[in-house]
Amino acid sequence: MSAQATAVGQPSTSAKKTRKRILTGDRPTGKLHVGNYVGTLANRVKLQDSYDTFLLVADHHMLTTRLDRLSEIEQNIRDDVIDNLAVGVDPEKVNYFLQSLVPQIPELHLLFSMLISVPRVQRIPTLKDQLRDHGLAQPTYGLLGYPVLQAADILIVKGDLVPVGRDQESHVELTREIARRFNELFAPIFPVPESLIPEMGLLPGTDGRDKMGKSLDNAIFLADDPKTVERKVMRMYTDPNRVRADTPGRVEGNPVFVYHDTFNPDKAQVDELKTRYRAGQVADVEVKRLLLSALERFLAPIRERRAELEAKPRLVDEILAAGSERARREAAATLHEVRQAMRLDYFGR
Ligand code: ATP
Ligand code: MG
């Protein structure tokens with residue numbers, strides 16, 4: 001049990017990894033929405049064949065902002081898994097695990113919390129957003145440490161690539177700092193992970209805010225029925241200066257057109273609509289009707305698949321049990337290396 005076993009320069013168990021590894025996940029704060037899809041789910045599906053993928057339901061992260069709604073957590077976890085499977089995440093290819101079933105993560109979080117200063121985490125831009133969105137005057141100790149816990153999520157399985165939405169960029173940057181710092185101080189155990197962020201940026205909310213969010217009451221959910229989608233689209237925020245159909249409208253930054261660009265595969269139709277909108281030659285209602293058709297073409301098969309999956313009562317439990325088992329094995333191996341590198345491997349730890 002000496003620290004020599006993982007002396008600097010020695011290969012770590014990560015040398016056993018045959019493929020590059022992905023770590024990504026969701027907070028179980030509700031059903032997933034079309035923003036989650038474009039931000040990260042699409043990349044998960046695309047990359048699950050070529051990467052060894054670990055997908056986490058981050059239930060401990062839900063505690064940072066939603067202590068008032070913990071009775072929903074179990075249902076939210078189930079919805080998260082069903083939504084991911086409904087868009088094509090394949091549990092045969094992906095290790096889908098529950099954060100709280102991997103006790104090595106909080107231990108690694110504790111160790112990482114010694115490597116990073118308080119002002120550094122206070123500067124992370126999402127902190128300000130969270131305080132604003134949840135009407136909080138001060139963060140709890142837990143909320144402040146959220147991105148450090150996320151570093152532990154990623155590094156416990158030695159993730160190389162982290163497909164996430166743009167709002168998570170600063171968290172992956174912190175993870176990179178923590179990995180580098182650990183590797184310098186103790187032993188080169190960790191990869192320095194890259195984020196994979198779609199170029200388009202965050203999908204705006206139906207209310208015109210710059211981010212659609214599960215907790216923000218401005219989302220179109222993958223599970224919404226056609227009537228609900230119609231209601232949300234027809235009430236969507238557009239160009240507020242446009243009072244009549246013959247007023248020239250603004251396309252840039254207008255959520256209705258951002259959604260057209262994202263979900264309407266008929267590019268010629270979108271271009272033509274933009275031209276007419278700028279010239280004041282089309283009513284908002286027509287632009288929205290066409291958006292609704294495009295969204296329905298995208299959502300209908302997901303909804304159908306969701307219903308099939310929901311009919312299998314043990315499915316989610318089995319997937320999470322198997323994925324969490326594999327995640328625990330990986331996590332135990334990583335933590336063993338960490339303790340050795342830090343000389344914390346006393347008393348048989
Ligand atoms: P909450 O409001 O509860 O934080 P959320 O909608 O932000 O929920 P998360 O579970 O925090 O969802 O995030 C899951 C993933 O979806 C992350 O990778 C995040 O970056 C991405 N994501 C969330 N919202 C958007 C969005 N509007 N556009 C693109 N990606 C998004
Ligand atoms: Mg979020």
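Numbering of ligands and ligand atoms starts at 1, following listing order. Computed from a prediction, not measured in an experiment: that's the story for all the values here. The first residue of the sequence shown is numbered 1, and numbering continues consecutively from there.
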- Item | K31: which of D224, D83, D79 passes salt bridge (Lys or Arg N to Asp or Glu O under 4.0 Å) | D79
- Item | Nearest atoms (heavy-atom pairs only) where E296 meets P301 | O-CD, 4.5 Å
- In this structure, atom 31 (C) of ligand 1 is nearest to the protein heavy atom G35 O, 3.6 Å
- Please write down residue, atom name and distance for the protein heavy atom closest to atom 23 (C) of ligand 1. N36 ND2, 3.3 Å
- F221 with L309, same ILVMFWY side-chain cluster at under 4.5 Å: no
- For M212, take its heavy atoms, then give the atoms of ligand 1 lying under 4.0 Å from any of them. 24 (N), 25 (C), 26 (C), 27 (N)
- Should one rank V164, T40, D167, D210 by closest heavy-atom distance to atom 19 (C) of ligand 1, which comes out on top? D167
- Task: Please work out whether any backbone atom (N, CA, C, O) or any side-chain heavy atom from C-beta onward of D26 is under 4.0 Å from ligand 1, and answer side chain, backbone, both or neither.
- Result: both
- What pair of heavy atoms forms the shortest contact from P163 to T24, and how long is it? O-OG1, 2.8 Å
- Query: To the nearest 0.1 Å, how far is atom 18 (O) of ligand 1 from its closest protein heavy atom, and which atom is that?
  - Reply: G165 N, 3.2 Å
- Query: Taking C-beta and beyond as the side chain, do L32 and N84 meet within less than 4.5 Å on heavy atoms?
  - Reply: yes
- The atoms of ligand 1 lying under 4.0 Å from a heavy atom of L203, numbered in the order shown, are 26 (C), 27 (N), 28 (N), 29 (C)
- With under 30° as parallel and over 60° as perpendicular, where do the rings of Y146 and H61 fit, or are they tilted in between? tilted
- Message: Salt bridge check, E308 against R305: does any charged N sit closer than 4.0 Å to a carboxylate O?
- Response: yes
- Note on the structure: atom 11 (O) of ligand 1: closest protein heavy atom, distance to 0.1 Å, is R27 CG, 3.9 Å
- Message: Below 30° counts as parallel, above 60° as perpendicular, anything between as tilted: where do the rings of F298 and F263 land?
- Response: tilted
- Query: Can you list the ligand 1 atoms lying under 4.0 Å from a non-hydrogen atom of K211?
  - Reply: 5 (P), 6 (O), 7 (O), 23 (C), 24 (N), 27 (N)
- Message: As an exercise, identify every atom of ligand 1 less than 4.0 angstrom from a heavy atom of T29.
- Response: 1 (P), 3 (O), 8 (O)
- Message: Quick check: Q168 and ligand 1, any N/O pair under 3.5 Å apart?
- Response: no
- Query: Any non-hydrogen atom of H33 lying under 4.0 Å from ligand 1?
  - Reply: yes
- Task: Say whether, by atom type as modelled, one donor and one acceptor occur between the side chain of R306 and the main chain of L222 under 3.5 angstrom.
- Result: no
- Message: Tell me the protein heavy atom at minimum distance from atom 1 (P) of ligand 1, and give that distance in Å.
- Response: S215 OG, 3.4 Å
- Task: Kindly state each residue pair satisfying salt bridge (Lys or Arg N to Asp or Glu O under 4.0 Å) with at least one member in residues 135-150, sequence neighbours excluded.
- Result: none
- Task: Give a yes/no on ligand 1: does V38 have at least one heavy atom closer than 4.0 angstrom to it?
- Result: no
- Message: Under a 4.0 angstrom heavy-atom cut-off, which atoms of ligand 1 come close to G39?
- Response: 29 (C), 30 (N)
- Nearest non-hydrogen protein atom, atom 9 (P) of ligand 1: K214 NZ, 3.6 Å
